[in-house]
Amino acid sequence: MVTELLDLARTITLEAGELAARRRREGVEVAATKSTIVDVVTEADREVERLILGRIQDARPADGVLGEEGASAQGSSGLTWVVDPIDGTVNYLYGIPHYAVSIALVEGEPDPLTWTSKVGVVLNPATGEIFTAEAGEGAFCGDRRIHVGESTPLNLALIATGFAYAASTRAFQGDVVARLLPRVRDIRRQGTASLDLCFVADGRYDAYFERTLSPWDHAAGALIAREAGARVTGMRGAAPSRDLVLVAEPSVAERLERLLDELGAFDAF
Ligand code: LIP
């Protein structure tokens, strides 16, 4: 049953990715701004989400849907599709080939603090890389099974992170990164949370952490990372949420969590 749901998620994600890439080739403009002037949405974001919503409702009319650009359906099945039609919107707007279609299926209330993830798919349409996971069945990049990297001391760890759209929050986050940078191998900020999570799952980063993420940013990638052997946590052991998403090989996660706490990364802002 769940495998069929993973197949459905993969099929919809691939079709959505083709549309996103085609609109990118045709040219992309800002359609509107959201929380701040730099928090943008394009017409492609909205069109891709409409396509995904339609495909899900055709195939699974009793399921719920929660989408970044407003797609919303109250289901009766106890299952909800959590959709980021184009994650890494700023990269997409600038033509940087590092953005993703991210679709997850969760059971229970559509709340990252309580839901149970069943299926996750993250596709980078620009490269064709598709990451998938089904709860209990491992994580894959294409047909290749993936696994988090080896345990490593933090001074040799490559750490990915990201920043909010609000200037005051970015100031706080920038101060944290300034204190973290001399304590680790290096920092990466590539602008697409779902791919950051998948890169940890595939050992391309040693860890990723970010605060202020939305549910659709991490719903699929967190399951993929967990199924690849990562510890996936939120603030002080809670489930991942807007408060914090922290993902790494378990011993690296523990060391990074302690260091970030020491550096004030978990303080209120
Ligand atoms: C983005 C995230 C990224 C974060 C950006 C933004 P969007 O999502 O994927 O990790 O740092 O600020 O939130 O807005 O492109 O869907």
Side-chain angles (χ1 to χ4, degrees), residues 2-14 16-17 82-84 87-88 91 97-106 112 116-154 156-162 184-210 213 216-234 239-240 245-257:
V2 180
T3 303
E4 289 168 14
L5 295 170
L6 176 59
D7 290 344
L8 175 62
R10 182 191 289 108
T11 300
I12 294 173
T13 301
L14 288 167
V82 185
V83 176
D84 194 337
D87 185 27
N91 288 349
H98 192 81
Y99 63 93
V101 177
S102 177
I103 297 180
L105 181 64
V106 301
T116 302
S117 301
K118 309 294 283 185
V119 160
V121 181
V122 175
L123 166 72
N124 180 346
T127 64
E129 281 197 310
I130 184 163
F131 298 87
T132 62
E134 181 183 335
E137 300 298 326
F140 295 81
C141 179
D143 295 330
R144 176 173 58 88
R145 186 180 284 266
I146 60 178
H147 200 270
V148 292
E150 299 299 317
S151 176
T152 178
L154 286 182
L156 296 179
L158 183 62
I159 312 289
T161 190
V184 296
R185 178 191 293 274
D186 206 344
I187 295 284
R188 292 290 182 271
R189 194 288 195 262
Q190 291 195 269
T192 305
S194 55
L195 289 176
D196 290 338
L197 290 158
C198 292
F199 278 26
V200 173
D202 196 19
R204 305 184 203 181
Y205 296 148
D206 292 301
Y208 164 66
F209 75 98
E210 186 163 354
L213 286 180
W216 40 76
D217 290 322
H218 61 82
L223 175 63
I224 291 164
R226 183 178 292 118
E227 287 296 318
R231 180 170 173 228
V232 178
T233 186
V245 175
L246 189 153
V247 175
E249 183 276 336
S251 65
V252 174
E254 189 180 339
R255 287 193 283 273
L256 179 60
E257 196 172 11

In Å, rounded to the nearest 0.5 Å, how long is the span from [atom1] of [X] to [atom2] of [Y]?
X	Y	atom1	atom2	answer
Leu256	Arg231	CG	CZ	10.0 Å
Thr13	Ile130	OG1	CD1	6.0 Å
Leu123	Ile12	CG	CD1	13.0 Å
Thr116	Leu105	OG1	CG	11.0 Å

Just wondering, do [Y] and [X] contact through their side chains at under 4.5 Å, heavy atoms?
X	Y	result
Val184	Leu158	no
Lys118	Leu5	no
Ser102	Trp216	no
Val200	Asp196	no
Leu195	Asp87	no
Asn124	Phe131	no
Leu197	Ile224	no

Could you list the residues that satisfy salt bridge (charged side-chain N to carboxylate O under 4.0 Å, His left out) with Arg188, not counting sequence neighbours?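 Result, salt bridge (charged side-chain N to carboxylate O under 4.0 Å, His left out) vs Arg188: Asp186.
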Can you name the nearest heavy-atom pair linking [X] to [Y], along with the distance?
X	Y	result
Ala133	Leu6	O-CD1, 3.9 Å
Thr3	Glu134	OG1-OE2, 3.1 Å
Val232	Ala222	CG2-O, 3.6 Å
His98	Gln190	CD2-O, 3.4 Å
Ala207	Ala248	CB-CB, 3.5 Å
Gly120	Leu223	N-CD2, 3.5 Å

Distance-only donor-acceptor pairs under 3.5 Å for side chains of residues 137-146, two or more places apart:
from	atom 1	to	atom 2	distance (Å)
Arg144	NH1	Asp202	OD1	2.8
Arg144	NH2	Asp202	OD2	2.9

Between His218 and Tyr208, ring centroids under 6.0 Å: no
With a 3.5 Å distance limit and no angle check, can you tell me whether Asn91 reaches the backbone of Tyr99 through a side-chain donor-acceptor pair? no
Does a donor on one side chain sit under 3.5 Å from an acceptor on the other, for Ser251 and Glu249? yes
Taking atom types as modelled, is there a side-chain donor on Asp206 or Thr152 under 3.5 Å from an acceptor on the other? no
